Each structure stands twice: as structure tokens, then as C-alpha cells.
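Notes to accompany the following structure.
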Number of protein chains: 2
Amino acid sequence: MTTRTVIRPLAGKSPGGIDRKRASTEQSATLPPLDKMIGYKLRRAQLAVFQDFLTVFSKMRLRPAEFSVLALIAETPGRKQSEIAERLGIKRANFVALMDGLERRGLAERRKAESDRRSHSLHLTPEGRRFVHKMSALWGKHESRLIERLGGPEEKDRLLELLDRMFD
Amino acid sequence: MTTRTVIRPLAGKSPGGIDRKRASTEQSATLPPLDKMIGYKLRRAQLAVFQDFLTVFSKMRLRPAEFSVLALIAETPGRKQSEIAERLGIKRANFVALMDGLERRGLAERRKAESDRRSHSLHLTPEGRRFVHKMSALWGKHESRLIERLGGPEEKDRLLELLDRMFD
DNA sequence: TATTGTTATACTCTATAACTATA
DNA sequence: TATAGTTATAGAGTATAACAATA
């Protein structure tokens, strides 16, 4: 509870037309500027990073959600469809079309699990493994550009550590 | 260019069914785990923060975009509609419905600018100013909860400083 | 009866093109 | 001719309910 609210000094009323500065009659806020707000900055930074991702991966026709699914299957193949979806925060209903796309492109596949025939275990195809390999190289370029912006790997670790604290 | 790629040791092939651990035949990636990727962490943190925002502001029926518009008009009233939209990264076409909603609720208003009668200057109504006042109190609760999670105001400043570097 | 994957559907955000009125 | 605001529309992303197959 260490937040301070910013009280702005009141200025004179400005005449009609478009007021470029501050009009005291409309200044009742005790809010800091948007750029000092965590949620706002976080959103803008995330959009900037995704924009870079989209540019880098457009040639592979790969979106962030597809990237994360392939990365997760590569990390621990054979997991249930619903497990992968939940891990990524994607509703299982919405995961279906995503997985359909990867399967149609021949990158990943569903296999009927023998233990529980309701569930599908997810795997990469041989082509999917080659795809992930190329993906990794591109990801390196993307990530090192971000690290460069941040000012080095130590700064990246500091950022990840701070972001970790934002959960629950 | 200080990124290091992680080469994983290969393990033995596992039998059919659902593989819970790592299957070397499917492990061609040189990717770190998702939780070490900046973009992924950034997105998850942003979603967590927005979730808290939505909970806190549900009683005011206020979404993040509406919050930022009201905050910006309060900060510098009288600016052109397209200026506010661009500042927030919202396409001017999409801004129309947003502003319609705020106007319908009696919180903000468009005024024909005398200098250039094509443009609208944006202002808060008296009720809008009262609304922003209540909004500010709620925002304080939200923000201080985030700061508490981060570990204090110094940590917040560190985070904002790092996020600032992510732009171009 | 509960769970996994699926379909259908709706709502929000975002992006683009084209229109209007003014400049 | 160009710009501000607007409309219409289409595409993602996300949320919920209901169903079939299986447990």
C-alpha cells in the first residue's frame, strides 16, 4: 500500500476551440499519466513484441499461438490435447481449430491414446520436427533483438523475474 | 547478440501410448522452455493484470480501453478524436463505437471544433468528471495490489523502465 | 454420472475500404 | 486533392452451451 496519487496544480481556464494544454474545469482526476500505469505499459510492450514476432515469422506463416503449441509438443510430446490447451490458457473448444490447422499442414498429429480412448495424445510429424528446427533459428533472431533492446541478457532475466511476480 | 541456444541431451525412445517425459525421436528443438521466452511471459503477465483490472472495474462496467480514453481526456481535454485514438493505438474507425458508448453513458462528449469543422474535440461531462474521480479511487486499489505483487514501488519503477525499452 | 474432444454460436478486438463533409 | 469522422465488413481471439464417445 505504498501508492501515491498525483495531485495536479490547477491552471487557468482556456478559451473555446481545441484546447491543447490543460483545462482546470475538466481536471478532476488524481490519476498519474497513462505511461506510469503498469497495465497500460505492459499491454503496449506486449503488442510491440508480438508485432516483431509477426514480422519475423510471417514467412513461415506462423502465429504466436501456433508457435507455442509446436514448442510445447516438441518439449514434451505425447501429452493430452486438453493438457496442452490448458497449459497455454486456451479453451479446449478453441484449441480444436488451431490443432486442425497444424495437422492439415502436416506439422503435428493426434493419436488415439490407448489408455483412455477419449483422449488424443499430440505429437510432431517428421516434417513438424524439421519445421520446429527452422522455427528455432528464427526465434533466436527474434529473441536476441529483444534482448538487445533490453540492454543484455541480465536485463532479460530481471524482466522475466519481475513478470513472474505478476501471477496470482 | 548474446543469446545462447540450449542443446538438450538425447534420451532413449519411449514405447507407445501417452509419453509423459521426453521422447528423443521427437526432440529436435533447440528452444528453451516457453517460460523463458520474453514474449510468452509478457503476454501471460498482461493477461493476468487485465484479469485483475476486469474484476476490479466490473462494478463500474468499465473496460481497459474505456478507462484509458477517459484517463486521457481527463489529462488533456479538448484534443482531437483522432489524436486520442492514435495515442492509444486504436484505429480511428474502431474508436467511433467506443466514443459512442462513453457519450451514450453521459461521461464524455464530442464538440465541433471551430477552427476545423471536420474534427471533434473531446471533453468530459460533469458526470464524467465525477466518474473519473471514482475511477481513480478504484484504480488505486488495483495498482497497489500489483505493486504489492511486484514487491514494492521500486520494483514497479524497475519494471516500467524495462518495459519502456521494448519500443522500437 | 463425469470427462475428452467436438460443433455451433456469440461477443470483443482489430484491420481495411469506401463514403461524407469539410479543408 | 487531402483529412476527420464515419459506416460496413471481415478476420482473429475468446467464451459458453450442448452433443457423442468413452470412462
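For the numbers below, each heavy atom of this structure counts, side chains included, while hydrogens, waters and symmetry mates do not. Here the structure is a predicted model, which is why all the values come from computation and not from measurement. Numbers restart at 1 for each chain; the letters A, B, ... are given by sequence-line order, proteins then strands.
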>> What is the distance, to the nearest angstrom, from the NZ atom on B/K80 to the P atom on D/dT6?
In response: 13 Å
>> Applying salt bridge (charged side-chain N to carboxylate O under 4.0 Å, His left out) as the test, list every pair that has at least one member in residues 38-51 of chain A; sequence neighbours left out.
In response: A/K41-B/D164
>> So B/V132 and B/I73, do their side chains get closer than 4.5 Å, heavy atoms only?
In response: no
Strictly under 3.5 Å: I want the nitrogen or oxygen pairs between protein and nucleotides 16-23 of chain D, one per line.
| residue | atom | partner | partner atom | Å |
| --- | --- | --- | --- | --- |
| D/dA23 | OP1 | A/R117 | N | 3.0 |

> Does any non-hydrogen side-chain atom of B/L122 lie less than 4.5 Å from one of B/R110?
Replying inline: yes
> What salt bridge (charged side-chain N to carboxylate O under 4.0 Å, His left out) pairs are there with at least one residue in residues 30-39 of chain A, not counting sequence neighbours?
Replying inline: A/D35-B/R87
>> In whole Å, I'd like the distance from the CD1 atom of B/I90 to the C1' atom of D/dT6.
In response: 16 Å
>> Could you tell me the boundaries of the chain A footprint on DNA chain C, defined by atoms under 4.0 Å from its heavy atoms?
In response: C/dA2 to C/dT14
> In whole Å, what is the span from the CD atom of B/Q46 to the P atom of D/dT14?
Replying inline: 10 Å
>> Let me spell it out: for each of B/D100 and B/L47, pick the nucleotide of DNA chain D with the closest heavy atom. Which residue's pick is nearer the 5' end?
In response: B/D100
>> Rounded at 0.5 Å granularity, tell me how far CD in A/E143 sits from CZ in A/F53.
In response: 10.5 Å
>> Measuring only between side-chain heavy atoms, which start at C-beta, is B/P32 closer than 4.5 Å to A/W139?
In response: yes
> Would a 4.5 Å heavy-atom cut-off, applied to side chains only, mark B/T55 and B/H142 as touching?
Replying inline: no
> Over how many whole Å does the gap from A/L98 atom CG to D/dG11 atom P extend?
Replying inline: 18 Å
> Would one find a side-chain N or O of B/R43 under 4.0 angstrom from OP1 or OP2 of D/dG13?
Replying inline: no
>> So that I can tick it off, tell me whether A/K141 and A/D52 are bridged by a salt bridge, with the cut-off set at under 4.0 angstrom between side-chain N and carboxylate O.
In response: no
> Which angle, to the nearest 10 degrees, lies between the helix axes at the two ends of the helix from C/dT1-D/dA23 to C/dA23-D/dT1, each defined by five pairs?
Replying inline: 10°
Mind listing the side-chain donor-acceptor pairs of residues 151-159 of chain A below 3.5 Å, one per line with the distance, residues two or more places apart or on another chain?
| residue | atom | partner | partner atom | Å |
| --- | --- | --- | --- | --- |
| A/E155 | OE1 | A/R158 | NH1 | 2.7 |
| A/E155 | OE1 | B/R165 | NH1 | 3.0 |
| A/E155 | OE2 | A/R158 | NH1 | 3.4 |

> Does some side-chain heavy atom of A/E66 sit less than 4.5 Å from a side-chain heavy atom of A/L98?
Replying inline: yes
>> I'd like to know if the side chain of B/H120 pairs up with that of B/K112 as donor and acceptor (distance under 3.5 Å, no hydrogens or angles considered).
In response: yes
